[in-house]
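Comments concern the structure below.
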Amino acid sequence: MRANLAVGLLESSSIAKGIEAADAMCKMASVKLAKTTIIARGKYTLFITGPVGEVESSLRAGKEVLGKALIDEVLIRNVHQQVVNALDKRIPVDVIGALGIVETKEAVAAVLAADAAAKAAFVHVLEVKTVVGGGKGYFNVCGEIGDVRTAVAAAVRALRADQIVSHVVIPQADAQLLAAV
């Protein structure tokens, strides 16, 4: 299911410039500043939502303010609702089945990859983390093995090779992993 909502994410190497960009983004267009976070190594992430055109305008304003401090950017039109629900929180499941994990070098790339995975196959998005040590991001999904493989493959295709740290699919994951992931 899609949320009929566009999301935009910017990742900055500067906290101060990130805050300045957030202000410019909110003033530029009718968007909701859904979340800002200081992450490892003094990086700052901004997460906005709204109609596609508004989010695009807002991202342009943010990128202009950030200049060389811009690390990464993501625009997702019609983001999958599971990604929104699982952003930086764990969604419980009773049975894990197969488990897929994609780890990214930068925080916001994990959101883009998770959206591609959720749209590609019938999987349950467990978690999309943008606040991970070292400034990384990751997400995990579970479900039937074929669906999980399809989802992870779609996520990897959505990213540039230099954005990926690792990706794995664990068939028939042990039930104890429910507590660990």
Side-chain angles (χ1 to χ4, degrees), residues 6-22 25 33-49 55-56 58-77 79-80 82-91 98-121 123-142 148-170 173 177 180-181:
V7 298
L9 299 102
L10 295 179
E11 189 168 342
S12 169
S13 62
S14 165
I15 296 167
K17 292 298 282 182
I19 294 168
E20 181 184 23
M25 293 166 73
L33 184 59
K35 182 177 181 180
T36 62
T37 307
I38 298 170
I39 58 176
R41 301 184 322 240
K43 293 170 29 175
Y44 192 78
T45 60
L46 304 103
F47 176 48
I48 59 169
T49 62
V55 170
E56 289 173 336
S58 183
L59 284 175
R60 276 193 300 277
K63 289 178 352 186
E64 184 176 311
V65 168
L66 288 176
K68 291 180 181 181
L70 178 67
I71 294 172
D72 201 1
E73 65 178 287
V74 170
L75 168 65
I76 303 172
R77 296 166 180 87
V79 65
H80 198 286
Q82 284 193 70
V83 174
V84 174
N85 295 344
L87 188 62
D88 288 322
K89 61 184 164 222
R90 171 82 158 72
I91 305 299
L99 178 65
I101 304 133
V102 176
E103 179 183 3
T104 60
K105 287 184 181 172
E106 306 300 343
V108 300
V111 179
L112 176 65
D115 184 65
K119 289 174 179 173
V123 291
H124 181 84
V125 179
L126 294 168
E127 187 173 40
V128 181
K129 291 292 276 186
T130 60
V131 182
V132 179
K136 295 179 183 180
Y138 79 90
F139 76 91
N140 48 44
V141 296
C142 68
V148 171
R149 283 187 176 136
T150 298
V152 168
V156 168
R157 281 192 308 274
L159 299 171
R160 296 184 322 265
D162 66 335
Q163 293 177 304
I164 301 166
V165 173
S166 185
H167 58 91
V168 298
V169 173
I170 303 169
L177 288 181
V181 296

Are any non-hydrogen side-chain atoms of [X] and [Y] less than 4.5 angstrom apart?
X      : Y      : value
Val108 : Glu73  : no
Arg90  : Leu126 : yes
Val125 : Asn85  : no
Leu33  : Met25  : no
His124 : Val141 : no
Leu112 : Ile76  : yes
Thr130 : Val111 : yes
Val7   : Val55  : no

What distance do [X] atom [atom1] and [Y] atom [atom2] have between them, rounded to the nearest 0.5 Å?
X      : Y     : atom1 : atom2 : result
Lys68  : Ser12 : NZ    : OG    : 14.0 Å
Ile71  : Ser14 : CD1   : OG    : 9.5 Å
Glu106 : Ser13 : CD    : OG    : 10.0 Å
Asp72  : Leu10 : CG    : CG    : 9.0 Å
Lys89  : Ile91 : NZ    : CD1   : 6.0 Å
Tyr44  : Ile15 : OH    : CD1   : 8.5 Å

What is the minimum heavy-atom distance between [X] and [Y], and which atoms define it?
X      : Y      : result
Ala113 : Leu159 : CB-CD1, 3.7 Å
Lys105 : Ile164 : CE-O, 4.1 Å
Ala173 : Leu99  : CB-CB, 4.0 Å
Val152 : Gly100 : CG2-CA, 3.8 Å
Thr150 : Ala120 : CG2-O, 3.8 Å
Arg77  : Lys119 : O-NZ, 3.4 Å

State whether a side-chain donor-acceptor pair under 3.5 Å links Tyr138 with Thr104.
no
Got a donor-acceptor contact below 3.5 angstrom from the [X] side chain to the [Y] backbone?
X      : Y      : value
Gln82  : Val123 : yes
Thr37  : Ile39  : no
Lys17  : Val65  : yes
Asn140 : Ile101 : no
Glu11  : Thr45  : no

May I ask you to say whether Lys136 pairs ionically with Glu103, meaning some side-chain N is under 4.0 Å from a carboxylate O?
yes
From the list Val84, Thr49, Val74, side chain to side chain contact (heavy atoms under 4.5 Å, CB included) with Val79 holds only for Val84
